[in-house]
Number of protein chains: 2
Amino acid sequence: MRKIDTKRTAERRQQILDAALICFKEKGFHGATMSAICRQAKMSPGHLYHYFRGKEDLIEAIVDEDCRHAESQIGDLLESANTLDAMLVKVEGMWKKETGIHGVLNAEITAEASRSKRIAEILSRGDNRILHCLTTIFASARQRGHIHDTVDPEGFSIVLMGLINGLTASIEATGGFDLKKTTEAVRFVLFRTLAP
Amino acid sequence: MRKIDTKRTAERRQQILDAALICFKEKGFHGATMSAICRQAKMSPGHLYHYFRGKEDLIEAIVDEDCRHAESQIGDLLESANTLDAMLVKVEGMWKKETGIHGVLNAEITAEASRSKRIAEILSRGDNRILHCLTTIFASARQRGHIHDTVDPEGFSIVLMGLINGLTASIEATGGFDLKKTTEAVRFVLFRTLAP
């Protein structure tokens, strides 16, 4: 019985988080209402509130999911024969991410963090987990001689996060920059900065 | 008479734009109401609407001001004895900008652009003007041998804009990253990427 309950609970939570993401992306954090999220999730408010008390709780759960996804992917990069080559390949996928908080939604949640202490805490905690993942990857890459030995793993990770957040938001919002040119330029910066 | 009118008009416009920026930064683009902007500018709605028809018009005028400011500064970098050195000095000032659209407000306007065609057009036009400024600087720097001859001026400018937008928003919103470490890391990336 317990096992089935846990599985069902996880499924219901996921169903709500998927619906919340759709609504947040469509209407923005402020524009998306809990009742619209209920409709999207095909659940009654009473049922949904049993899992999440409000939009902040939903953002917290989505950020947590994003971090766990990032943490589960560290292994790949830690085991890659050449970290820099593996990263250069990943650049193209940066503009196509379809799940989690990134691009425009990330920009909006960041703006919200400047006005909400709760959101700022959630975002800071998430940023620090991602920063820890990236720092681990670059520290290991430096130790194995895959990247230049003057690279500061944590400092470079901060810059990389800023670069990804800024570019994905602009590209998603206005489609303003040439994707091919941007991909090549990011690769150029990574290669010139990191190559041993 | 005409001259005094023009001067007075320019002063009134500036008074409104300063008030609008304060309100947008405090309450966000959606949270700031036209009546709050009137109160901040100490003007009646009738008077203010004579200059700007709504929040989009205000954003357009602020973006235009930002671009003109950036364009007026190109000269300094074009005439600097060494563009790379001059840029490395400027990095520290990136986190202290007090006027115009940057950091959190830029993140929010970017998010808004994904839902408003008018805002997307305003932002795209502004991005393209800034991109043109930066591209001109890097093209000239490359020609004068201040930066490496494999740097693509436009591509690198796109990456730099993304990096600045992403980092300033995160730093302003959550104060999450160590400023000294971030400044050093940005300098490191610029130096390694650009040095001839």
Side-chain angles (χ1 to χ4, degrees), chain A residues 25-31 103-115 119-121 123-124 127-128 131 148 150-152 154-178 181-182 184-186 188-195, chain B residues 25-31 103-115 119-121 123-124 127-128 131 148 150-152 154-178 181-182 184-186 188-195:
Chain A
K25 288 193 178 179
E26 214 175 281
K27 298 280 181 189
F29 180 75
H30 276 291
V104 161
L105 184 57
N106 183 62
E108 189 161 34
I109 300 294
T110 301
E112 191 58 28
S114 71
R115 288 181 290 271
I119 295 284
E121 282 166 1
L123 208 60
S124 270
D127 278 352
N128 281 324
L131 179 58
H148 200 267
T150 57
V151 175
D152 168 23
E154 192 184 341
F156 184 74
S157 301
I158 293 172
V159 174
L160 186 62
M161 285 169 72
L163 188 156
I164 294 172
N165 288 342
L167 282 178
T168 52
S170 285
I171 286 170
E172 198 184 321
T174 66
F177 300 129
D178 181 309
K181 195 177 250 305
T182 307
E184 271 166 28
V186 171
F188 179 80
V189 170
L190 292 180
F191 184 79
R192 291 269 303 168
T193 306
L194 298 176
Chain B
K25 287 192 179 179
E26 214 175 280
K27 299 279 181 189
F29 179 76
H30 276 289
V104 161
L105 184 57
N106 183 63
E108 190 162 31
I109 301 294
T110 303
E112 190 58 29
S114 71
R115 287 182 290 271
I119 295 284
E121 281 165 1
L123 208 61
S124 269
D127 278 352
N128 281 324
L131 179 59
H148 200 266
T150 56
V151 175
D152 168 23
E154 192 185 341
F156 185 72
S157 300
I158 293 172
V159 174
L160 186 61
M161 286 170 71
L163 190 156
I164 294 173
N165 288 342
L167 282 178
T168 52
S170 284
I171 285 170
E172 197 184 322
T174 66
F177 299 130
D178 181 309
K181 196 179 251 302
T182 308
E184 273 166 28
V186 171
F188 179 82
V189 170
L190 292 180
F191 183 79
R192 291 269 303 169
T193 306
L194 298 177

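Owing to the predicted nature of the structure, the values given are computational and were not obtained by experimental measurement. Below, read A as the first sequence line, B as the second, and so on, with proteins coming before strands; counting in each chain starts at 1.
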For this session: Provide the closest heavy-atom pair for A/Ala120 versus B/Ala173 in the form atom of the first, atom of the second, distance.
Result: CB-O, 4.4 Å
Problem set entry | A/Ile158/B/Val186 under side chain to side chain contact (heavy atoms under 4.5 Å, CB included): CA gap, chis, key distance, verdict | CA-CA 9 Å; A/Ile158 293 172; B/Val186 171; over 6 Å; no
Exercise. With respect to chain B, which residue among A/Val104, A/Thr193, A/Leu163 yields the maximal number of heavy-atom pairs within a distance under 4.5 Å?
Worked result: A/Thr193
Exercise. Once you round to the nearest 0.5 Å, how far does CD of B/Glu154 lie from CZ of A/Phe177?
Worked result: 9.0 Å
For this session: Please name the pair of heavy atoms, one in B/Ala185 and one in A/Val159, separated by the smallest distance, quoted to 0.1 Å.
Result: CB-CG2, 3.5 Å
Exercise. Among B/Val189, B/Ile119, B/Asp152, who wins on heavy-atom pairs under 4.5 Å with chain A?
Worked result: B/Val189
Exercise. With respect to chain B, which residue among A/His148, A/Lys27, A/Glu121 yields the maximal number of heavy-atom pairs within a distance under 4.5 Å?
Worked result: A/His148
Exercise. Between atom OG1 of B/Thr168 and atom CG of A/Asn165, what is the distance when rounded to the nearest 0.5 Å?
Worked result: 11.0 Å
Exercise. Looking only at heavy atoms, which two atoms of B/Thr174 and A/Ala113 are closest? And how far apart?
Worked result: CG2-CB, 4.1 Å
Exercise. Picking from B/Met161, B/Glu172, B/Arg115, which has the most non-hydrogen pairs under 4.5 angstrom with chain A?
Worked result: B/Arg115
Exercise. Which answer fits A/Glu26, side chain, backbone, both or neither, if we ask what part of it has an atom under 4.5 Å from a heavy atom of chain B?
Worked result: backbone
For this session: Name the member of B/Ile109, B/Thr150, B/Asp127 that forms the most heavy-atom pairs with chain A at distances under 4.5 Å.
Result: B/Thr150
Exercise. At a heavy-atom separation under 4.5 Å, does B/Glu108 approach chain A through its side chain, its backbone, both, or neither?
Worked result: both
Problem set entry | Most contacts with chain A, counted as non-hydrogen pairs under 4.5 angstrom, among B/Asn128, B/Ile164, B/Val151 | B/Val151
Exercise. Roughly how far, to the nearest 0.5 Å, is CZ of A/Arg192 from CG of B/Leu194?
Worked result: 8.0 Å
For this session: Name the region of B/Ser157, side chain, backbone, both or neither, that has any atom closer than 4.5 Å to a heavy atom of chain A.
Result: neither
